[in-house]
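Here is the structure we will look at.
What you are looking at is a predicted structure, and each value in this text was computed from that prediction instead of being measured. Just so you know, residue 1 is the first one in the sequence shown, and it goes up from there.
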Amino acid sequence: MPIPLVNSIASWFLKKRFHQIELFLKYPNEVQNELLFDLLTTAKDTEIGKRYDFASIDSYKTFSERIPVTTYEDCQDMIERSRQGESNIFWPNPIKWYAKSSGTTNAKSKFIPVSTESLEDCHYAASKDLLCMYLNNNEDSQLFTGKSLRLGGSKELYKENGTVFGDLSAILIDNMPFWAEFSSTPSSKVSLMSDWEVKMAAIVEETRNENVTSLAGVPSWMLVLLNTILETTGKQHLFELWPNLEVYFHGGVSFVPYVDQYKAILPRDNFKYYEIYNASEGFFAIQDLNNSSELLLMLDYGIFYEFIPMDTYGTLQQKVIPLSDVEIGKNYAVVITTNAGLWRYKIGDTVRFTSTNPYRIKVSGRTKHHINAFGEELIIENAEDALRSVCSQTQSEIVDYTAAPIFMSGKSKGSHEWLIEFKTPPSDLQQFNELLDQKLKSLNSDYEAKRLNNMTLNMPTLHIARERLFYDWLKKHDKLGGQHKIPRLSNSREYIDELLQLNRY
């Protein structure tokens, strides 16, 4: 079949879905309410369904009062029983796959259930919707005339007790339809390699002669791969290698620290960037407009959403609200109920709504990845906006960073300690530190109040990390590739103390 015809047929097929998307855009709260009761009905005869008498729940109010909000630790025992082969515990259909994630939980590893329903109706449906929205916004796209360079996790799939666990990306690649293999590169064999550094070399060899039209993967690791490809091939930018490259689909970490580095290796004004918001627990939101930083919350993937306002999070005044009660501009922790048997589960992310008609969000951080040792409530969104602004002012570039509190001791006041690895360091580190402090004050009134006249917080302390420090730290902890991330902000000194020690060698 001629390539232009393949492109046209694929585009037509994907655009058909847009009519279904319009339904939840028009009736978002009705769609969510109906979905909740479908989930309750489906799971009413499970162990958890009988425990909370799902069959008698007749309103959101009853649902919210009867079923407690949970964390991974709360349901870990049930998930472990399911992994050992028990069925009908939290979802009626057998769970074969478990996405392994280190996350930010107290457990060493999380094993998130991935049901057949969540695989098909959430993760794979979202992949199609991402293409649907992109094509709807870009009528002249030639996406399907070439291949998508996908960069997934570097962990193999492991089998135990008849169940399978591994990186979510490995599960998705292992189960994707046969036709998807023809439109993707590298091959599944290379994609599932466990040794990250060996895999990198194999990807370069497999992709350098392909007609790559799109990229898909986590920004931090994709950047490592793309720079390796440029070094290996001797090209100045990626269009010399792949002239038909038109879009990068990214998610997993904030894109803000990497924007300028991507623009340097993708120097075309019309090149597109599309962001997604997904996790092992589900696929939640998709950028639905060109040149936008907002993500459309997807409401018909088998996920029912609730939110906890961060101003009461973790306090006696904590309250949980449905989607219909959210307000623009507020910071919320996300709670989900899913078609894989997670019930009122805190995923650990925070979002901020930019619109309620339709519901659009920005991911603002993690409930555990912030600094609030002195009431300053510094979140990742503040940190990354400030760093990008200061880098622009000082003509510097950042590879990675982490920050943590320096706690009060005796008469010594507290402060924040930053460890930053620069690709291009500033000429004046003290000026960079002062500008960072000023920008954080302008972005966060709580931080500004604590810094006023050094009342509670002194000026931040800033260290330059040696080259490859964060890469070496991830390698030491067997976390190269995939969804693994540097802990950007922490309320403890666990990460920064280890990194500072490693920085000396």
Query raised in the report: Between Lys61 and Glu65, does a salt bridge (charged side-chain N to carboxylate O under 4.0 Å, His left out) hold up when you go through it step by step?
Result: CA-CA 6 Å; Lys61 185 173 185 292; Glu65 291 172 348; 2.7 Å; yes
Report task. Of all the heavy-atom pairs spanning Glu376 and Ile371, show the shortest one and how long it is. Result -> OE2-CG2, 3.3 Å
Report summary line: One should read off an interatomic distance between Ile321 CD1 and Ser64 OG, to the nearest 0.5 angstrom, of 11.5 Å
Query raised in the report: Can you tell me if Asp349 and Tyr277 form a side-chain donor-acceptor pair at under 3.5 Å?
Result: yes
Query raised in the report: Roughly how far apart are Leu25 CG and Leu299 CG, rounded to 0.5 Å?
Result: 8.0 Å
Query raised in the report: How about His416 and Tyr447: are their ring centroids closer than 6.0 Å?
Result: yes
Query raised in the report: Do the numbers put Arg268 on top of the ring of Phe239, so that NZ or CZ is under 6.0 Å from the six-membered ring centre and no more than 45° off the axis?
Result: yes
Query raised in the report: Distance from Ile486 atom CD1 to Lys479 atom NZ, nearest 0.5 Å?
Result: 9.0 Å
Query - Pair Tyr262 and Phe255, ring centroids less than 6.0 Å apart - result: yes
Query raised in the report: How far does CD1 of Ile347 sit from OG1 of Thr350, to the nearest 0.5 angstrom?
Result: 9.5 Å
Query raised in the report: Is Arg150 positioned over the aromatic face of Phe249, cation under 6.0 angstrom from the ring centre and no more than 45 degrees off axis?
Result: no
Report summary line: Of all heavy-atom pairs linking Leu440 and Ala386, the shortest is CD2-CB, 3.6 Å
Requested in this report: Using a 4.5 Å cut-off on heavy atoms from C-beta on, say whether the side chain of Ile308 contacts that of Tyr332.
Outcome: no
Report task. Show the numbers, then the answer: is there a salt bridge (charged side-chain N to carboxylate O under 4.0 Å, His left out) between Arg468 and Glu421? Result -> CA-CA 8 Å; Arg468 290 172 60 93; Glu421 180 182 343; over 6 Å; no
Requested in this report: If the plane angle is over 60° it's perpendicular, under 30° parallel, otherwise tilted; pick one for Trp196 and Trp221.
Outcome: perpendicular
Query raised in the report: Any side-chain donor-acceptor pair under 3.5 Å between Glu294 and Thr354?
Result: yes
Query raised in the report: Under a 4.0 Å N-O cut-off, is there an ion pair linking Lys330 with Glu327?
Result: yes
Report task. Can you establish whether the number of heavy atoms outside Glu34 located under 6.0 Å from its atom CD is more than 12? Result -> no
Query raised in the report: Looking at Asp385 and Lys439, does any basic side-chain N land under 4.0 Å from a carboxylate oxygen?
Result: no
Requested in this report: Identify whether the distance between the nearest side-chain nitrogen and carboxylate oxygen of Glu197 and Lys475 falls below 4.0 Å.
Outcome: yes
**Report entry** For Glu381, the option from Arg488, Arg388, Arg352 that meets salt bridge (charged side-chain N to carboxylate O under 4.0 Å, His left out)
**Finding:** Arg352
Query raised in the report: Under 6.0 Å between ring centres, would you say that holds for Tyr72 and Phe111?
Result: no
Requested in this report: Indicate the atoms forming the closest heavy-atom contact of Phe374 with Gly414, along with that distance.
Outcome: CZ-CA, 3.7 Å
Query - Heavy-atom pair of closest approach, residues Asn382 and Leu443 - result: O-CD1, 3.5 Å
Requested in this report: Give the C-alpha distance, both sets of side-chain angles, the deciding distance and a yes or no for side-chain hydrogen bond (donor to acceptor under 3.5 Å, both in side chains) between Gln395 and Thr424.
Outcome: CA-CA 8 Å; Gln395 289 78 54; Thr424 306; over 6 Å; no
Query - Test item: side-chain donor near acceptor, Tyr134 and Asn290, under 3.5 Å - result: no
Query raised in the report: What do you reckon, is CD of Gln236 surrounded by more than 12 foreign heavy atoms closer than 6.0 Å?
Result: no
Query raised in the report: When rounded to the nearest 0.5 angstrom, what is the spacing between OG1 in Thr402 and CG in Leu499?
Result: 6.5 Å
**Report entry** Phe432: ring-ring contact (aromatic ring centres under 6.0 Å, His included) partners, not counting sequence neighbours
**Finding:** Phe422
Report task. Begin from the C-alpha positions of Lys441 and Asp437 and carry the test salt bridge (charged side-chain N to carboxylate O under 4.0 Å, His left out) through to its verdict. Result -> CA-CA 6 Å; Lys441 288 176 184 176; Asp437 182 50; 3.5 Å; yes
Query raised in the report: Under 6.0 Å from the CD atom of Glu498, do we count more than 12 heavy atoms belonging to anything else shown?
Result: yes
Query raised in the report: Should the pair Phe271 and Tyr273 be assigned to parallel (<30°), tilted (30 to 60°) or perpendicular (>60°) ring geometry?
Result: perpendicular
Query raised in the report: Any chance the side chains of Asn137 and Tyr274 put a donor and an acceptor closer than 3.5 Å?
Result: yes
Requested in this report: Write down the atom of Leu502, the atom of Asp472, and the distance for their closest heavy-atom approach.
Outcome: CD2-C, 4.4 Å
Requested in this report: Before accepting this row, confirm whether a basic side-chain N of the pair Lys110/Glu281 lies closer than 4.0 Å to the acidic partner's carboxylate O.
Outcome: yes
Report task. Output the distance between atom NZ (Lys272) and atom OG (Ser214), rounded to the nearest 0.5 Å. Result -> 13.5 Å
Report task. Scan side-chain atoms only and decide if Glu275 and Tyr248 contain a donor-acceptor pair under the 3.5 Å cut-off. Result -> no
